[in-house]
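In what follows, a structure is listed as structure tokens, so that the remarks can point back to it.
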Amino acid sequence: MEMSRLARSGREWHQLLELCALSGALLADPDGVYDPAEHNDRMLLGLKLTDPTGRGARQLSC
């Protein structure tokens, strides 16, 4: 499922990441697969979500 359809604002993105981490869902984009329960992956996802072009957030899939 494309993540940009589920969350629009920064707050919604972080709530969605928390839900994915709690449920054990993995997130993927063209660069790799991420586990939001893992500290380093969560940091990378946070950087992708703050990308000023918005490309990082649009490409995430659950």
Quiz item: Within the distance-only criterion (no hydrogens, no angle test), does the side chain of Asp29 pair as donor or acceptor with the backbone N or O of Gly32 below 3.5 angstrom?
Solution: yes

Self-check item: Nearest heavy atoms of Leu27 and Leu45, plus distance in Å
Solution: CD1-CD1, 3.7 Å

Practice problem: Find out whether Tyr34 and Leu26 are in side-chain contact, i.e. whether some heavy atom of one side chain is under 4.5 Å from a heavy atom of the other. | Solution: no

Quiz prompt | Side-chain touch His14/Arg42, heavy atoms, less than 4.5 angstrom | solution = no

Quiz item: Closest heavy-atom contact between Pro36 and Leu17?
Solution: CB-O, 3.8 Å

Quiz item: Of all residues at least two apart in sequence or in a different chain, which pass the side chain to side chain donor-acceptor pair (under 3.5 Å) check with Gln15?
Solution: none

Exercise. Using salt bridge (charged side-chain N to carboxylate O under 4.0 Å, His left out) as the criterion, list what pairs up with Glu38, not counting sequence neighbours.
Key: none

